[in-house]
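Worksheet: one structure, shown below.
Being a predicted model, the structure only gives us computed values, none of them experimental.
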Amino acid sequence: MNEHIVRSYEEELNQLAAEVVRMGGLAEAQVNDSITAFARRDVPLAQAVAGKDEKLDVAEADIERSAIRLIALRQPMANDLRRAVAAMKIAMNLERCGDLAKNIAKRTLILAEAEPAGPVTRSIERMGKLVGARLKEVLDAYTASEVDRAIAVWTRDTEVDEHYDSLFRELLTYMMGDPRTITAGAHLLFVAKNLERIGDHATNIAEIVHYEITGREIISDRPKMDSLSS
């Protein structure tokens with residue numbers, strides 16, 4: 001094969017990965033901003049998060065289009081094919097993270113008008129920071145092509161579940177203690193659930209990175225605990 005064509009092909013794959021990294025940065029910022037807006041009851045920031053979701057939709061569509069074009073025209077094999085498919089799958093998970101961040105922002109706009117729920121809000125903020133860190137770690141693993149870092153995210157999936165289950169109990173106690181808090185408590189539950197789902201998407205991305213690099217799926221079951229949400 002002509003060296004120029006090979007170099008161009010490699011450049012296309014690298015460009016596709018770069019697009020995923022840029023999209024990852026957008027998704028990470030959306031998630032972190034949604035958590036900050038929630039913790040500070042920051043209405044303008046929550047509105048900004050809700051308004052930026054379209055950027056992630058466009059980014060996912062662009063990545064899917066580029067990957068399909070590359071597969072159709074280049075007909076990649078083995079590792080190269082995994083790189084193209086992984087880009088599409090990761091973009092899909094990042095788009096969902098953006099949707100969940102938007103949902104958190106919308107709940108924040110409602111909660112900003114309710115009475116503050118101090119201790120519960122701080123618990124949710126802690127969970128949000130944990131989830132944000134997971135997303136950053138797995139995106140760093142993808143950028144650096146480091147399978148061990150991806151596996152480290154995958155094996156710590158239960159930490160997010162444990163936070164959610166603890167929050168679930170805390171919120172039930174909060175709502176039972178004062179029926180007037182039930183409406184706000186329901187919105188807080190949705191915020192916590194959205195964070196748990198972002199954590200699941202980070203774990204999905206870890207599995208995709210592992211497969212892209214090794215060509216093998218993770219055989220053992222995902223390390224889940226029995227969850228009250230199931």
Side-chain angles (χ1 to χ4, degrees), residues 18-63 86-112 120-144 149-150 152-154 156-168 187-209 229:
E19 288 179 35
V20 175
V21 170
R22 279 195 295 273
M23 184 180 180
L26 285 173
E28 193 180 333
Q30 284 284 83
V31 170
N32 289 334
D33 284 350
S34 72
I35 295 161
T36 299
F38 168 80
R40 297 179 182 172
R41 299 164 69 90
D42 188 331
V43 169
L45 183 56
Q47 290 171 332
V49 171
K52 287 179 184 175
D53 182 59
E54 189 177 342
K55 285 186 179 180
L56 285 170
D57 295 341
V58 171
E60 185 204 5
D62 288 344
I63 289 167
M88 280 196 292
K89 287 186 173 181
I90 292 172
M92 189 185 309
N93 278 275
L94 291 172
E95 191 274 334
R96 289 297 300 130
C97 287
D99 286 344
L100 293 164
K102 180 180 179 179
N103 289 346
I104 292 170
K106 286 182 173 180
R107 300 285 176 182
T108 295
L109 294 174
I110 297 168
L111 287 164
V120 178
T121 297
R122 286 191 289 276
S123 296
I124 292 176
E125 184 183 7
R126 282 195 297 273
M127 181 181 176
K129 288 180 177 177
L130 175 66
V131 167
R134 286 288 179 279
L135 187 58
K136 182 183 188 304
E137 287 166 20
V138 81
L139 290 171
D140 286 348
Y142 172 72
T143 302
R149 290 171 77 176
V153 173
W154 186 84
R156 296 201 305 273
D157 184 55
T158 53
E159 291 180 19
V160 175
D161 295 330
E162 288 165 0
H163 269 265
Y164 176 74
D165 286 348
S166 175
L167 261 169
F168 188 89
H187 289 298
L188 290 166
L189 270 174
F190 277 112
V191 170
K193 186 62 180 176
N194 285 327
L195 288 172
E196 187 210 24
R197 290 174 66 192
I198 292 170
D200 285 340
H201 284 292
T203 306
N204 290 346
I205 293 171
E207 292 175 353
I208 295 163
V209 171
S229 60

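With a 4.5 Å cut-off on side-chain heavy atoms, L111 and F38 count as touching. No side-chain heavy atom of R126 sits less than 4.5 Å from a side-chain heavy atom of L130. For the pair D57 and D99, the minimum side-chain heavy-atom distance is below 4.5 Å. The shortest distance between side-chain heavy atoms of V209 and I90 falls below 4.5 Å. The side-chain heavy atoms of M127 and E196, taken from C-beta on, include a pair separated by under 4.5 Å. The shortest distance between side-chain heavy atoms of L195 and Y164 does not fall below 4.5 Å.
Residues L167 and V120 share a closest heavy-atom pair of CD2-O, 4.1 Å. Minimum heavy-atom separation, A150 to A206: O-CB, 3.3 Å. For the residue pair A39 and E125, the shortest heavy atom distance occurs at CB-CD, 3.5 Å. Between A105 and A46, the shortest heavy-atom contact is CB-O, 3.3 Å. Of all the heavy atoms in V138 and V153, the pair that sits closest is N-CG2, 3.9 Å. Summarising the geometry of A112 relative to V43, their closest heavy-atom pair is CB-CG2, 3.7 Å, with the distance given to 0.1 Å.
Of the inter-residue distances, the one linking H187 atom NE2 with I110 atom CD1 reads 4.0 Å to the nearest 0.5 angstrom. Rounding to the nearest 0.5 angstrom, the gap separating the CG atom in N194 from the SG atom in C97 is 10.5 Å. To the nearest 0.5 Å, atoms NE2 (H201) and CG (L94) are separated by 9.5 Å. Here the straight-line distance linking atom CD of E95 with atom CD of E60 works out to 5.0 Å at 0.5 Å rounding. Distance check, rounded to the nearest 0.5 Å: CZ of R134 to CD1 of I198 gives 13.5 Å. Going from atom CD1 of I104 over to atom OG1 of T36 covers 11.0 Å, rounded to the nearest 0.5 Å.
In R107, the CZ atom is crowded: over 12 heavy atoms of neighbouring residues, nucleotides or ligands sit closer than 6.0 Å.
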Counting only pairs under 3.5 Å, give me each side-chain donor-acceptor contact of residues 21-30, with atom names and distances, residues two or more places apart or in other chains.
from, atom 1, to, atom 2, distance (Å)
Q30, NE2, V49, O, 3.1

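Although no hydrogens or angles enter the test, the distance criterion places a donor-acceptor pair under 3.5 Å between the side chain of S34 and the main chain of V31.
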